[in-house]
A.B. asks: 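Have a look at the structure that comes next, please.
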Amino acid sequence: MLVKWETGGENITPRPGNQAALDTMLATAGPAVQERFATLITERAAEDQDARAEQLLRRDTQYIKSPVDGKLMVPVEEGIFLSGPDNTPTWTEAYLIDVYPTTNADYARFVRITGHSAPQHWTNGKCPDSIFDHPVVWVTWHDAAAYAEWAGKSLPTGQQWEKAARGTKGRSYPWGDAPTAAKCNVLDSGIERTTPVSRYQSGVSPYGVFDMCGNTWEWCATETQPARHELKGSAFTSPFTRAAPSLKNDANATMSDNDTGFRCVSARV
């Protein structure tokens with residue numbers, strides 16, 4: 001059967017019993033095997049949204065629910081991590097970070113309760129149902145900071161964001177060191193729009209944080225110069241070469257675009 005499957009490739013549809021056995025083998029395999037599998041399905045995973053493959057590669061994580069906006073957060077322990085392109089040892093205190101970027105649905109609740117202005121791409125100030133689980137965009141740094149204050153949280157510093165994306169050992173990407181563009185929504189993927197924040201389950205970070213490469217740039221608290229703030233993560237408009245979490249970008253705090261959003265952190269662990 002193995003020879004038959006290898007010869008037929010993606011044209012083969014195994015019987016349910018054989019498929020279940022293959023799924024079990026993959027789910028219990030080591031990281032090297034799962035990485036090879038992810039590489040083999042990269043193109044399909046990006047273009048066809050292979051939910052079954054993504055679920056098999058998902059990591060299990062302990063979540064904490066934020067009391068105000070209800071978003072899931074994960075703890076990041078205090079300690080040293082390797083930061084920046086040169087992997088400089090850097091200390092952070094412990095904190096919680098949102099598992100997912102702030103979605104349109106999250107932001108709609110904030111707008112409804114506070115009366116804050118809605119993003120320009122919403123129809124008549126209302127979030128379209130088709131993008132409720134996509135990251136909110138067309139928000140300035142000031143909009144992001146206002147949401148964070150309402151939620152009792154803050155925007156992450158560039159270092160907090162990077163540690164949550166790379167882990168402590170200096171991974172090149174959230175999932176490891178392999179440059180696998182199909183584990184995130186970048187220009188190379190050819191999707192050309194935002195995607196649901198839970199889409200890329202095989203691309204999560206060591207802490208279980210999603211979308212730390214691609215989908216949208218994310219505002220950080222770190223000020224690079226007066227009135228300019230750091231952006232991290234790249235976006236669906238960016239080539240994969242800009243997706244490494246160690247890289248830096250920035251923008252004026254008044255900038256908003258169709259590829260820029262945010263997530264929050266909290267000091268309460």
A.B. asks: So, taking the atom named CG in D211 and the one named OG in S198, what distance separates them when rounded to the nearest 0.5 Å?
C.D. replies: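 One finds 8.5 Å between CG of D211 and OG of S198.
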A.B. asks: Give every residue pair that meets the salt bridge (Lys or Arg N to Asp or Glu O under 4.0 Å) criterion with at least one member in residues 248-261, sequence neighbours excluded.
C.D. replies: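 Qualifying pairs: R228-D250.
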A.B. asks: Can you tell me how far NZ of K169 sits from CG of L82, rounded to the nearest 0.5 angstrom?
C.D. replies: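 Output value for this atom pair is 10.0 Å.
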A.B. asks: Will you find, in the side chains of R193 and N215, an N or O donor that is under 3.5 Å from an N or O acceptor?
C.D. replies: no
A.B. asks: What are the two closest non-hydrogen atoms of Y95 and A164, and how far apart are they?
C.D. replies: OH-N, 3.7 Å
A.B. asks: Work out which heavy atom in P245 is nearest to a heavy atom in A165; give both atom names and the distance.
C.D. replies: CB-CB, 3.7 Å
A.B. asks: Given side chains that start at C-beta, do those of P239 and D188 come closer than 4.5 Å, heavy atoms only?
C.D. replies: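 They are in contact (side-chain heavy atoms under 4.5 Å apart), so the answer is yes.
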A.B. asks: Under the side chain to side chain contact (heavy atoms under 4.5 Å, CB included) criterion, do S202 and W175 qualify, and how do the steps go?
C.D. replies: CA-CA 7 Å; S202 63; W175 54 84; over 6 Å; no
A.B. asks: Rounded to the nearest 0.5 Å, what separation is found between the CD atom of E93 and the CD atom of Q159?
C.D. replies: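 Between E93 CD and Q159 CD, I get 11.5 Å after rounding to 0.5 Å.
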A.B. asks: Verify side chain to side chain contact (heavy atoms under 4.5 Å, CB included) between V74 and Y63, making sure each step is shown before the conclusion.
C.D. replies: CA-CA 5 Å; V74 289; Y63 299 119; 3.6 Å; yes
A.B. asks: With distance as the sole criterion, is a donor-acceptor pair present between the side chains of E162 and S83 under 3.5 Å?
C.D. replies: yes
A.B. asks: When you measure from the side chain of R171 to the backbone of R166, do you find a donor-acceptor pair of N or O atoms at a distance under 3.5 Å?
C.D. replies: no
A.B. asks: Could you pull out the closest heavy-atom pair between V186 and A243, with the gap in Å?
C.D. replies: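 The pair with the smallest heavy-atom distance is CG1-CB, 4.3 Å.
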A.B. asks: Hey, quick one: are I113 and V139 part of the same hydrophobic cluster, counting side-chain heavy atoms closer than 4.5 Å, chains of contacts allowed?
C.D. replies: yes
A.B. asks: Please assess M212 against R263 for the test side chain to side chain contact (heavy atoms under 4.5 Å, CB included), listing each intermediate value before the final yes or no.
C.D. replies: CA-CA 10 Å; M212 300 302 263; R263 77 180 72 216; 3.4 Å; yes
A.B. asks: What distance do H229 atom NE2 and T157 atom OG1 have between them, rounded to the nearest 0.5 Å?
C.D. replies: 13.0 Å
A.B. asks: Would you say the side-chain atoms of T180 pair up with the backbone N or O of K183, donor to acceptor, closer than 3.5 Å?
C.D. replies: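 Flag not set: sc T180 to bb K183 has no pair under 3.5 Å.
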A.B. asks: With hydrophobic residues grouped by side-chain heavy-atom distances under 4.5 Å, do W141 and Y107 end up in a single group?
C.D. replies: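 Yes; tracing contacts between hydrophobic side chains, which count when under 4.5 Å, links both residues.
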A.B. asks: If we ignore hydrogens and angles and just use 3.5 Å, is the side chain of H116 paired with the main-chain N or O of V111 as donor and acceptor?
C.D. replies: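 Pair absent, no side-chain N/O of H116 close to backbone of V111.
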A.B. asks: Apply ring-ring contact (aromatic ring centres under 6.0 Å, His included) to residues Y200 and F210 and explain how you reach the verdict.
C.D. replies: CA-CA 7 Å; Y200 290 95; F210 284 64; 9.4 Å; no
A.B. asks: Checking side-chain polar atoms at under 3.5 Å, does T254 have a donor or acceptor matched by the opposite partner on N252?
C.D. replies: yes
A.B. asks: Say you draw a straight line from CZ of F262 to CG of D98; how long is it, rounded to the nearest 0.5 Å?
C.D. replies: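 It comes to 8.5 Å.
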A.B. asks: Going through the checks in order, is the side chain to side chain contact (heavy atoms under 4.5 Å, CB included) test met by W217 and N249?
C.D. replies: CA-CA 9 Å; W217 290 102; N249 189 16; 3.6 Å; yes
A.B. asks: Just distance, no hydrogens or angles: give the donor-acceptor pairs under 3.5 Å from side chains in residues 119-131, sequence neighbours left out.
C.D. replies:
from : atom 1 : to   : atom 2 : distance (Å)
H121 : NE2    : N104 : OD1    : 3.4
W122 : NE1    : N104 : OD1    : 2.9

A.B. asks: Listing request: all salt bridge (Lys or Arg N to Asp or Glu O under 4.0 Å) pairs with a residue in residues 65-77, at least two apart in sequence or in separate chains.
C.D. replies: D69-K153, K71-D106
A.B. asks: Using every non-hydrogen atom in the two residues, find where P156 and V265 come nearest and quote the distance to one decimal.
C.D. replies: CB-CG1, 3.4 Å
A.B. asks: Measure centre to centre between the rings of Y173 and F240, then say whether the value is under 6.0 Å.
C.D. replies: yes
A.B. asks: Looking only at atom types and distance, does a side-chain atom of T92 sit under 3.5 Å from a main-chain N or O of E78, one as donor and one as acceptor?
C.D. replies: no
A.B. asks: Do D133 and T103 have side-chain N/O donor and acceptor atoms under 3.5 Å apart?
C.D. replies: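 There is no such pair between these side chains.
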A.B. asks: Is T260 reaching over with its side chain to a backbone N or O of S256, donor-acceptor style, under 3.5 angstrom?
C.D. replies: no
A.B. asks: Answer yes when K232 and E218 have at least one side-chain N-carboxylate O distance shorter than 4.0 Å, and no when they do not.
C.D. replies: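 A salt bridge is absent here (no side-chain N lies under 4.0 Å from a carboxylate O).
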A.B. asks: Using only atom types and a distance under 3.5 Å, with no angle test, would you say the side chain of T90 pairs donor to acceptor with the backbone of T88?
C.D. replies: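 Yes; judged by distance alone, with no hydrogens or angles, the pair exists.
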A.B. asks: Taking the side chain as every heavy atom from C-beta outward, state whether D177 and S172 have any pair of such atoms under 4.5 Å apart.
C.D. replies: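 Side-chain contact under 4.5 Å: yes.
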A.B. asks: What heavy-atom pair brings I64 and L96 nearest, and what distance separates the two atoms?
C.D. replies: CD1-CD2, 3.6 Å
A.B. asks: In terms of hydrophobic clusters joined by side-chain contacts under 4.5 Å, are Y147 and V68 together?
C.D. replies: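 They do share one cluster, since a chain of ILVMFWY contacts under 4.5 Å joins Y147 to V68.
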A.B. asks: I need the minimum non-hydrogen distance between T216 and A235, along with the two atoms involved.
C.D. replies: CA-CB, 3.7 Å
A.B. asks: Check for a donor-acceptor pair, side chain of S205 on one end and backbone N or O of Y207 on the other, with a separation under 3.5 Å.
C.D. replies: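 Yes.
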A.B. asks: Going only through I, L, V, M, F, W and Y residues with side-chain contacts under 4.5 Å, is there a path from L72 to W161?
C.D. replies: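 Yes; tracing contacts between hydrophobic side chains, which count when under 4.5 Å, links both residues.
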A.B. asks: Can you tell me how far apart CG (L155) and CH2 (W219) are? Round to the nearest 0.5 Å.
C.D. replies: 10.0 Å
A.B. asks: May I ask whether F110 and M73 are part of the same hydrophobic cluster, defined by side-chain heavy atoms of I, L, V, M, F, W, Y residues being less than 4.5 angstrom apart, directly or through others?
C.D. replies: no
